[in-house]
Chemist: 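Below is the structure I would like to discuss, written out as structure tokens.
When a ligand or atom number is given, it counts from 1 through the structure's own listing order.
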Amino acid sequence: MRASFDYAGARVFVVGGTSGINLGIAAAFAAAGAEVGVGSRSAGKVAAAVAALSAPGRPAFGAVFDVRDAAAVAEGIGGFAAAGGRIDVLVSGAAGNFPAAAHALSPNGFKSVVDIDVLGTWNVMKAAHPHLRRPGAAVISISAPQAQVAMALQAHACAAKAGVDMVTRCLALEWGREGVRVNSVIPGPIDGTEGMARLAPDAAARARVAAAVPLGRMGTAAEVAALCLFLGSAAASYVTGAVLTVDGGWSLALGGYAMTGGA
Ligand code: HXC
Ligand code: NAP
């Protein structure tokens, strides 16, 4: 994708930026000139992402942490801030999900997803805040359609992502006073990702999902990243507290096609 935004000199940290959509987001910011940092649990994934995101004279930064561990998150994000004195854009994208019927899901299964998504978002935003507090800084949460649409086998993920969006909007209220913008992005079904492999594991399921999208296909990580590049930039200087979808119209079509059978 051709970078349409200039992030030269900007410092961007992407939590969960070691695979899938978030890695695509980190790559887009790096391609636009940003100094990029990523963090997640797996040391191997962090090392591979750092190698992939580094440019000559502009090495990427990596940190290994679990978003459920507030002290480890503060150390990792603090390390990135200390290396350059500040953070300009924070992307909070770590998440856990799997399909599970409510009757079969244990309390710890529900708690694990809620802890990664909601407590994790909270820990990440709290850790980054001291390094962001100035006009122009931006925070972007990566949410999911589950935040807005009740789905079978997804009670845990729906509760978690709804919580992510509400934390995001509350912090937009508080941190707006410091000039920090805080927004959520809701990707639709994104091809070739861990999330879709879990929720639509075979060709028939993938075809069903694609057919339900008005634009007729799943999206790409680059298309999610493009919205993040906009939200992190001065072009979005009056956008805060927003929950923006990049889903090919998928969310519109849920009821729209079910009733009449489509166009
Ligand atoms: C039922 C399950 C389960 C499953 C785990 N559990 N998988 N229950 N069905 N498929 C239960 C376990 O039995 C355990 O409960 C509890 O969850 C914690 O499991 P652990 O493996 O110990 O947890 P942990 O190592 O912390 O791993 C977290 C995880 C894992 C969420 C379970 O899958 C993970 O690390 N996921 C990260 C990657 C990921 O999910 N990517 C996709 C994101 S997609 P008990 O009671 O046995 O102790 C997304 C939205 C996609 O977020 C939207 C698409 C439109
Ligand atoms: P993914 O590749 O599994 O990405 C998840 C990332 O978060 C990985 O880098 C993972 O790395 C990290 N992570 C997971 N649990 C963590 C924890 N406890 N602490 C720290 N890091 C953790 O999945 P994806 O499908 O691309 O999804 C990425 C984001 O997009 C998620 O927020 C998801 O909800 C959202 N989303 C996805 C889709 C889709 O179609 N895939 C649609 C809508 C929204 P480690 O394993 O190294 O920790």
Side-chain angles (χ1 to χ4, degrees), residues 14-26 38-50 52 62-70 72-73 76-77 91-121 123-124 127 140-149 151 153-165 168 184-201 205-206 209-210 212-213 218-221 223-225 227-228 243 245-248 250-251 254:
V14 182
V15 177
T18 61
S19 62
I21 295 171
N22 302 316
L23 177 58
I25 293 168
V38 292
S40 76
R41 293 166 300 175
S42 158
K45 284 175 70 173
V46 170
V50 165
V64 178
F65 55 76
D66 189 314
V67 291
R68 291 166 285 192
D69 180 344
V73 172
I77 291 180
V91 180
S92 176
N97 193 16
F98 45 77
H103 71 82
L105 182 60
S106 69
N108 192 41
F110 187 93
K111 179 179 186 299
S112 296
V113 171
V114 169
D115 279 359
I116 295 169
D117 291 17
V118 186
L119 180 61
T121 297
N123 287 340
V124 162
I140 302 165
S141 292
I142 306 302
S143 183
Q146 282 84 340
Q148 299 181 331
V149 179
M151 294 186 197
L153 314 187
Q154 288 285 273
H156 45 305
C158 291
K161 289 296 194 178
V164 166
D165 282 352
T168 303
S184 256
V185 165
I186 295 192
I190 304 302
D191 210 3
T193 58
E194 181 64 25
M196 287 316 296
R198 291 179 182 216
L199 297 187
R206 282 195 298 279
V209 171
V213 179
M218 292 197 209
T220 66
E223 289 171 325
V224 180
L227 179 54
C228 295
V243 180
T245 53
V246 48
D247 70 352
W250 181 83
S251 49
L254 292 176

Chemist: Could you tell me which atoms of ligand 2, counted from 1 in the order shown, lie closer than 4.0 angstrom to a heavy atom of F65?
Modeler: 19 (N), 20 (C)
Chemist: Within the 4.0 Å heavy-atom shell around R68, which atoms of ligand 2 are there?
Modeler: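 Heavy-atom distances to R68 below 4.0 Å select 18 (N).
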Chemist: Using heavy-atom distances, let me know which of A95, G93, S143 sits nearest atom 35 (C) of ligand 2.
Modeler: S143
Chemist: Judged on heavy-atom distance to atom 9 (N) of ligand 1, which of W250, F110, F98 sits nearest?
Modeler: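 Nearest heavy atom to atom 9 (N) of ligand 1 lies in F98.
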Chemist: Indicate whether atom 16 (C) of ligand 1 is within a distance of less than 4.0 angstrom of some protein heavy atom.
Modeler: yes
Chemist: Counting only nitrogen or oxygen atoms and a 3.5 angstrom limit, does P145 reach ligand 2?
Modeler: no
Chemist: Taking atom CD1 of I186 and atom OG of S251, what is their separation to the nearest 0.5 Å?
Modeler: 8.0 Å
Chemist: My understanding is that we take every heavy atom of each candidate and find the minimum distance to atom 45 (P) of ligand 1. Doing that for S106, G93, G96, G195, which one comes out nearest?
Modeler: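 Nearest option to atom 45 (P) of ligand 1, by heavy atoms: S106.
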Chemist: May I ask whether K111 places a heavy atom under 4.0 Å from ligand 1?
Modeler: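 Contact check K111 vs ligand 1: negative.
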Chemist: Any idea which atoms of ligand 2 are less than 4.0 Å away from a heavy-atom of P187?
Modeler: 42 (C), 43 (C), 44 (C)
Chemist: Show the atoms of ligand 1 that are less than 4.0 angstrom away from any heavy atom in S112.
Modeler: 16 (C), 18 (C)
Chemist: I142 heavy atoms, cut-off 4.0 Å: which ligand 2 atoms fall inside?
Modeler: 29 (C), 30 (O), 32 (O), 35 (C)
Chemist: With atom 42 (C) of ligand 2 as the reference point, say which of G188, P189, A144 has the nearest heavy atom.
Modeler: G188
Chemist: Does K161 have a heavy atom less than 4.0 Å from any atom of ligand 2?
Modeler: yes
Chemist: Looking only at heavy atoms, is any part of L199 under 4.0 Å from ligand 1, and if so is it the side chain, the backbone, or both, or is it neither?
Modeler: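 Within the 4.0 Å criterion, L199 contacts ligand 1 through side-chain atoms alone.
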Chemist: Give the single entry among N97, V113, V149 that approaches atom 49 (C) of ligand 1 most closely by any heavy atom.
Modeler: N97
Chemist: In the protein, which heavy atom is nearest to atom 19 (N) of ligand 2, and how far is it?
Modeler: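 Checking every protein heavy atom, the shortest distance to atom 19 (N) of ligand 2 gives V67 N, 2.9 Å.
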Chemist: State the CG-CZ distance between D66 and R41, to the nearest 0.5 angstrom.
Modeler: 6.0 Å
Chemist: Which ligand 2 atoms does M196 reach within 4.0 Å, using its non-hydrogen atoms?
Modeler: 40 (O), 41 (N)
Chemist: For atom 18 (N) of ligand 2, what's the nearest protein heavy atom and its distance?
Modeler: D66 OD1, 3.0 Å
Chemist: Counting non-hydrogen protein atoms only, what is the nearest one to atom 40 (O) of ligand 2? Give residue, atom name and distance.
Modeler: I190 N, 2.9 Å
Chemist: Among residues at least two apart in sequence or on other chains, which ones pass salt bridge (Lys or Arg N to Asp or Glu O under 4.0 Å) with R206?
Modeler: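 Partners of R206 by the salt bridge (Lys or Arg N to Asp or Glu O under 4.0 Å) criterion come out as none, since no residue qualifies.
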Chemist: Kindly identify the option in G16, S19, A197 whose heavy atom sits closest to atom 2 (O) of ligand 2.
Modeler: S19
Chemist: Can I get a per-line list of side-chain donor-acceptor pairs under 3.5 Å for residues 158-165, giving both atom names and the distance, sequence neighbours left out?
Modeler:
residue, atom, partner, partner atom, Å
K161, NZ, I142, O, 2.9
D165, OD1, S143, OG, 3.0
D165, OD1, S184, OG, 2.6
D165, OD2, S143, OG, 3.2

Chemist: I need the nearest protein heavy-atom contact for atom 37 (C) of ligand 2: residue, atom name and distance, please.
Modeler: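 Closest protein heavy atom to atom 37 (C) of ligand 2: I21 CD1, 3.3 Å.
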Chemist: Could you list which atoms of ligand 1 come closer than 4.0 Å to a heavy atom of R68?
Modeler: 26 (O)
Chemist: Which ligand 2 atoms does G195 reach within 4.0 Å, using its non-hydrogen atoms?
Modeler: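 So the answer, numbered in order with elements, is 25 (O), 41 (N).
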Chemist: Would you tell me which option among V185, T193, L23 has the nearest heavy-atom contact to atom 41 (N) of ligand 2?
Modeler: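 Looking at heavy atoms only, T193 sits closest to atom 41 (N) of ligand 2.
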Chemist: State whether the shortest distance between N or O atoms of K161 and N or O atoms of ligand 1 falls below 3.5 angstrom.
Modeler: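 It does not: no N or O of K161 is found under 3.5 Å from an N or O of ligand 1.
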Chemist: Suppose we measure from atom 13 (N) of ligand 2 to each protein heavy atom; which comes out shortest, and what is that distance?
Modeler: A94 CB, 3.9 Å
